[in-house]
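Since the model is a prediction, treat every value here as computed from it, not as a measurement.
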Amino acid sequence: MKKPTASAHEKGKFLTGSTMNHVIVMTATASLGLIAIFLVDVANLFYISQLGEQALAAAIGYASTIMFFSLSLSIGLSIASSALVSKAIGAGNMEDARMKATTSIIFAFTAVSMFSIFLFFKIEYFLKLLGATGKTFEIAVEFMHVVIPTMPIIGIALTLSGILRAVGDAKRSMYLTLFGGIATAIFDPILIFGLDMGVMGAAWAIWISRIVILALGFHATVKVHNMLGHTNFKCVKVAFKPYAIIALPTIATQLATPFGNAYVMQAVAEFGDSAVAGWTIIGRIIPVAFGVLFALSGAIGPIIGQNFGAKIYDRVYSAVKDSFIFVTLYTFIAWGLLALLNSHISDFFNASEQAAQIVQLFCIWLAASFLFNGLIFIASAAFNNLGKAIYSTIINWGRATLGVIPFVYVGKTWYGVEGAITGWALGAVMFGLISAIWCIYYVKNLSDDDASDANGLKIELPPTANSPFTTSKGSMT
């Protein structure tokens with residue numbers, strides 16, 4: 001069997017060449033897979049909306065709000081693994097990179113499994129807390145009982161995707177979500193309509209999709225890049241601290257957004273199922289229209305991480321600057337398209353009058369706020385990969401609390417559900433500007449002292465006669 005060589009580069013691929021080109025290529029490839037998943041979510045809601053009950057769409061909205069917490073946890077763990085692995089590669093230490101990749105899988109599985117068990121037994125409480133009642137509540141509970149056990153699967157899969165991004169394999173990282181999306185697109189209509197399973201068909205399609213993503217992730221990481229190997233308890237113990245230093249604040253950062261969204265959902269729920277259905281539609285529009293920005297926040301991490309690990313600080317600044325330019329141009333294009341298509345979008349989802357008004361408000365006016373959300377995404381990614389994940393946590397929780405709660409409360413009190421959603425959008429402006437200014441100042445003043453602090457995250461392998469990171473093919477180094 002031919003030995004995998006694709007990941008054997010001792011020099012990171014992002015250390016040379018145009019940083020803007022790296023930003024565009026990594027974002028484009030990450031976007032294709034990510035948006036494929038989001039498009040399937042749109043199709044999912046479309047199929048469910050054709051069943052003719054607002055309660056069904058509202059139930060999916062409540063379930064999605066809670067699922068976002070699990071997904072955010074998994075994304076946070078993925079970012080931590082990508083940051084650690086990319087810095088090790090940039091520093092030319094492949095053994096260290098493989099150790100971090102292997103232990104990241106263990107930590108991700110453990111953390112997401114614990115969260116899933118807790119959520120499974122508390123799901124009714126959290127759905128009621130969001131405002132779900134009656135038939136909507138019952139549908140949401142049944143849906144979540146099927147989906148929750150898949151959360152550890154996607155947790156591992158996203159960590160594998162982060163490892164692939166760290167080695168610079170944007171294409172295979174894209175394939176994970178792209179083929180997962182294709183699987184859902186195939187099985188959704190079969191299960192929902194063909195087997196007459198309704199909403200539960202969508203839940204079981206999620207199972208199939210996530211298994212596909214996991215299988216592809218392991219194949220690319222193990223067979224193609226040879227980035228995982230055997231480990232032992234001593235190595236896991238040693239690896240935990242540097243992983244936790246990045247993972248804990250990164251997870252806290254990622255959980256900020258679903259926390260803020262949960263508050264908005266509570267506010268919207270006060271105005272009935274039609275309002276919740278409208279907010280749910282917006283929740284499907286955002287990832288498709290602005291999935292490129294979500295992808296960018298993950299895609300630039302390895303670019304920053306490798307150059308920071310190699311102490312090429314001017315390229316770190318260049319990558320951040322180019323990302324800000326990219327966000328600005330993309331947001332105006334997406335906003336313009338949404339404004340033009342606003343009525344068609346609400347008709348597509350068979351929205352009620354109130355839901356349609358909410359959707360059109362977002363498309364015509366509030367979508368512009370994603371310029372500032374994009375600035376937050378980039379600043380967060382930069383701080384996570386520069387060993388300052390706590391800064392990202394401060395920014396995102398500031399946005400999720402001070403940038404959401406007072407704005408939404410005042411908005412709903414004065415102007416109803418439209419005011420609540422407008423307040424949510426306006427809160428992004430202040431924190432977007434703060435995060436951009438803070439990030440630029442920090443990156444422009446990077447020094448070897450900062451690199452030394454971050455390199456304190458380096459894992460020293462426990463002294464053993466034989467490295468625990470070996471395979472049947474021999475040493476992984």
Using the ring of each side chain (for Trp, its six-membered ring), is Y47 parallel, tilted or perpendicular to F193, with breaks at 30° and 60°?
perpendicular
At what distance, to the nearest 0.5 angstrom, does CD1 of I163 lie from NE2 of H225?
11.0 Å
Should S323 and L296 be marked as a side chain to side chain contact (heavy atoms under 4.5 Å, CB included) after you check the CA-CA gap, both sets of side-chain angles, and the distance that decides it?
CA-CA 8 Å; S323 297; L296 173 62; 4.1 Å; yes
For the atom pair CG (L293) and CD1 (I286), what is the distance rounded to the nearest 0.5 Å?
11.0 Å
Any chance the side chains of T136 and D273 put a donor and an acceptor closer than 3.5 Å?
yes
Check the pair F187 / W204 against ring-ring contact (aromatic ring centres under 6.0 Å, His included), numbers first and verdict last.
CA-CA 9 Å; F187 286 97; W204 286 107; over 10 Å; no
Flag the pair T184 / I206 as yes when at least one side-chain heavy-atom distance between them is below 4.5 Å, and no otherwise.
no
Apply the test side chain to side chain contact (heavy atoms under 4.5 Å, CB included) to residues E142 and V199: give CA-CA distance (whole Å), side-chain angles for both, the deciding distance (0.1 Å), then the verdict.
CA-CA 9 Å; E142 187 179 6; V199 173; over 6 Å; no
Can you tell me how far apart CD1 (I153) and CD1 (I211) are? Round to the nearest 0.5 Å.
5.0 Å
Ignoring hydrogens and geometry, is there a side-chain-to-backbone donor-acceptor pair from Q306 to A166 under 3.5 Å?
yes
Pick from I123, I117, L119: which one makes a side-chain contact (heavy atoms from CB on, under 4.5 Å) with F121?
I117
Could you check whether the rings of F118 and F115 sit parallel, tilted or perpendicular, using 30° and 60° as the cut-offs?
tilted
Could you walk me through whether F377 and F294 pass the ring-ring contact (aromatic ring centres under 6.0 Å, His included) test, one step at a time?
CA-CA 7 Å; F377 296 160; F294 296 123; 5.2 Å; yes
Please determine, by modelled atom types, if T253 and T393 share a side-chain donor-acceptor pair under 3.5 angstrom.
yes
Kindly give the heavy-atom pair with the smallest separation between M67 and F143, and that separation in Å.
SD-CE2, 3.8 Å
List the atom of A183, the atom of S209, and the distance in Å for their closest heavy-atom pair.
CB-CA, 4.3 Å
Rounded to the nearest 0.5 Å, what separation is found between the CZ atom of F431 and the CD1 atom of I376?
8.0 Å
Compare every heavy atom of T280 with every heavy atom of G61, then report the nearest pair and how far apart it is.
CA-OG1, 3.2 Å
For M144 versus I66, what's the shortest heavy-atom pair and its separation?
CE-CG2, 4.0 Å
Going by atom types only, do T150 and R210 share a side-chain donor-acceptor pair under 3.5 Å?
yes
Atom pair CD1/OG1 of I105 and T221 - distance to nearest 0.5 Å
6.5 Å
Of F271, F362, W424, Y62, which meets ring pair (Phe, Tyr, Trp, His ring centres under 6.0 Å) against W279?
W424
May I ask you to check whether R98 and T102 show a side-chain donor-acceptor distance below 3.5 Å?
no
Can you classify the ring geometry of W335 versus F332 as parallel (below 30°), tilted (30 to 60°) or perpendicular (above 60°)?
tilted
What are the two closest heavy atoms between Y391 and W438, and how far apart are they?
CG-CZ2, 3.6 Å
CG of L375 to OG1 of T331: how many Å apart, nearest 0.5 Å?
8.0 Å
Any side-chain heavy-atom pair from M151 and L73 closer than 4.5 angstrom?
no
For S74, side chain to side chain contact (heavy atoms under 4.5 Å, CB included) partners two or more places apart
V112, I154, L158
In short, S380 meets N396 closest at the heavy-atom pair OG-ND2, 2.7 Å
Counting C-beta onward and ignoring hydrogens, is there a side-chain heavy-atom pair between V288 and R284 closer than 4.5 Å?
no
How about K128 and F137: do any of their side-chain heavy atoms sit closer than 4.5 Å?
yes
